[in-house]
Amino acid sequence: MRTLRHFPSLLAPSSLEGAKQHTLVVSSMPLTVAGISFGPLLVGFALNTILYGALVTSVLMYFSSFKSDGAWIRILVSTLLLLCTANVILEYVFLNDTLIIHFGDQYALSRANWVFSLLPGITGVVSALVQLFFAWRIRILTSSSWLVGIIVFLASAAFFCGIGTTIAINMVPVFTQFHRFEVVFVIGLASSAFDNLLITGVLVRSLREHKTGFMDTDHIIKKIIRVTLQTGLLTAIWTLVDLAVYIALTNGMHLVFNESLAQFYTISLMSTLITRPRDHAYTDFTVVNGEQPEGRVRHFSCLAYDAEALR
């Protein structure tokens, strides 16, 4: 969302010599607005769509296997899925409107619309919901009010910065003017990244302290620790890379990473939820004939992420 440069197109050459000179000039010239901003946006949209498929699979697995969870957690999962669905649809609508409906329109290429402006707001809401959920889990595991307070503060900062970016884009829709509110965007990304690192570190440490010495229970806890590291740390690194690319480059390359942040946050939550022992065997929706074998139901009273905690 940094300043994007705009270079007018060159006139077509009228001779072979002119064509060669034109080729040499074009090869040394920077990209146009579309080449700078919409190339990364297209790549980010493709990656976001792939991650959305993985998210839908994990949500289906959750609703099939964890039917004893409380209504509030099921509403949370449904809300996050709805927001991520809106995120993918809005990206498609914006790209379709700008690159297809208004094909070749330099005015459309140089400006954002209300559809594009909603994307950072949705990401801010998703990140806040996921981080507040983990704050609640940390409160149960550690009973530490100050840790939870820091996590809630950082999550709130990311949320308000996301909403602020949405408002700012509507007020300043020209891409070349986005630098006017880049401070808000940077603060939001930095708050979210540090919050993810803090959550991952606290969860891993707390789960290690909950080991009981029983093989089955410790095996599940180790599995949750591994998933927490893989998804939580990956989300934090992805956010930091987005922030670093945004600060270092002014060509919109950070959009490759930024457009899929909402999916990363939600997948990190879903990975944690579906790692727990299941109360129902997962039904493979691709199987037409036959049925899945009924899995054993295992309950571990000392397990931090048991079903009782989510009712």
Checklist entry - Would you call the rings of Phe178 and Phe175 parallel, tilted or perpendicular if under 30° counts as parallel and over 60° as perpendicular? => result perpendicular
Item to check | Side-chain touch Thr266/Leu81, heavy atoms, less than 4.5 angstrom | outcome: no
Next on the checklist: Just verifying a value: how many Å separate Gln177 CD and His179 NE2, rounded to the nearest 0.5 Å?
Outcome noted: 5.0 Å
Checklist entry - Between the side chain of Ser191 and the main-chain N/O of Leu154, is any donor-acceptor distance below 3.5 Å? => result no
Next on the checklist: How long is the straight-line distance from CG of Leu47 back to CD of Glu259, given to the nearest 0.5 Å?
Outcome noted: 10.5 Å
Item to check | Taking every non-hydrogen atom, the tightest pair across Ala236 and Asn196 | outcome: CB-CB, 3.6 Å
Checklist entry - Without hydrogens or angle criteria, can the side chains of Tyr246 and Asn258 be said to hold a donor-acceptor pair below 3.5 Å? => result no
Checklist entry - If you group Ile, Leu, Val, Met, Phe, Trp and Tyr by side-chain heavy-atom gaps below 4.5 Å, do Ile138 and Trp146 land in one group? => result yes
Checklist entry - Could you give the distance from OG1 (Thr85) to CG (Leu80), rounded to the nearest 0.5 Å? => result 10.5 Å
Next on the checklist: Check for me, please, whether Val126 and Val184 land in the same ILVMFWY cluster - side-chain distances under 4.5 Å, paths through other members count.
Outcome noted: no
Checklist entry - Between atom OG of Ser271 and atom CG of Leu55, what is the distance when rounded to the nearest 0.5 Å? => result 9.5 Å
Checklist outcome for this item: Closest non-hydrogen contact found for Ala135 with Val148 is O-CG2, 3.7 Å
Checklist entry - What do the steps show when you test Ile267 against Thr235 for side-chain contact (heavy atoms from CB on, under 4.5 Å), and what is the final call? => result CA-CA 9 Å; Ile267 288 175; Thr235 303; over 6 Å; no
Item to check | Side chains of Gln131 and Phe159 in contact at under 4.5 Å (non-hydrogen atoms) | outcome: no
Checklist entry - Is Ile167 reachable from Val186 through a run of hydrophobic residues whose side-chain heavy atoms are each under 4.5 Å from the next? => result yes
Item to check | Within one Ile-Leu-Val-Met-Phe-Trp-Tyr cluster: Ile89 and Val125, side-chain cutoff 4.5 Å | outcome: yes
Next on the checklist: Could you walk me through whether Phe264 and Thr239 satisfy the side-chain contact (heavy atoms from CB on, under 4.5 Å) test, starting with their C-alpha distance in whole Å, then the side-chain angles of each, then the deciding distance to 0.1 Å, before giving a yes or no?
Outcome noted: CA-CA 9 Å; Phe264 270 100; Thr239 308; over 6 Å; no
Checklist entry - For the side chain of His254 and the backbone of Asp242, is there at least one donor-acceptor N/O pair under 3.5 Å apart? => result no
Checklist entry - Any side-chain heavy-atom pair from Leu42 and Leu99 closer than 4.5 angstrom? => result yes
Checklist entry - Should the ring pair Phe94 and Phe116 be called parallel, tilted or perpendicular, given that the plane angle runs from 0 to 90° and is split at 30 and 60? => result tilted
Checklist entry - Which value, rounded to the nearest 0.5 Å, describes the distance between Thr166 atom OG1 and Leu118 atom CG? => result 6.0 Å
Checklist entry - Minimum heavy-atom separation for Thr272 to Ser268, with atom names? => result OG1-O, 3.1 Å
Next on the checklist: I want to check something: taking the side chain as every heavy atom from C-beta on, are Leu119 and Ile169 in contact at a cut-off of under 4.5 Å?
Outcome noted: no
Next on the checklist: Restricting to non-hydrogen atoms, name the atom on Ile187 and the atom on Cys161 that form the minimum distance, rounded to 0.1 Å.
Outcome noted: CG2-SG, 3.7 Å
Checklist entry - When rounded to the nearest 0.5 angstrom, what distance separates CG in Leu129 from CG in Leu76? => result 6.0 Å
Checklist entry - What are the two closest non-hydrogen atoms of Ala158 and Ser127, and how far apart are they? => result CB-OG, 4.2 Å
Checklist entry - Does Ser64 use its side chain to pair, donor to acceptor, with the backbone of Met61 at less than 3.5 Å? => result no
Checklist entry - In this structure, are over 12 heavy atoms from other groups packed under 6.0 Å from Phe63 atom CZ? => result yes
Next on the checklist: Using modelled atom types and a 3.5 Å cut-off, is there a donor and acceptor pairing between side-chain atoms of Trp114 and backbone atoms of Asn170?
Outcome noted: no
Next on the checklist: Do Val88 and Val93 land in one hydrophobic cluster if side-chain heavy atoms of ILVMFWY residues count as linked below 4.5 Å?
Outcome noted: yes
Checklist entry - Heavy-atom distance under 4.5 Å between the side chains of Leu197 and Leu240, does that happen here? => result yes
Checklist entry - Got Val202 and Phe134 here, is their nearest side-chain heavy-atom distance under 4.5 Å? => result no
Item to check | Where Lys67 and Arg74 come nearest, the two heavy atoms and their spacing | outcome: CA-NH1, 3.6 Å
Next on the checklist: Can you confirm whether Tyr52 sits close enough to Val56 that some side-chain heavy atom of one is under 4.5 Å from a side-chain heavy atom of the other?
Outcome noted: yes
Next on the checklist: Walk me through whether Leu198 and Leu147 qualify under side-chain contact (heavy atoms from CB on, under 4.5 Å).
Outcome noted: CA-CA 9 Å; Leu198 179 60; Leu147 272 176; 4.2 Å; yes
Checklist entry - Would you call Leu273 and Val77 a side-chain contact if the rule is heavy atoms closer than 4.5 Å? => result yes
Checklist entry - Do we see a donor-acceptor contact under 3.5 Å between the side chains of Gln263 and Asn48? => result yes
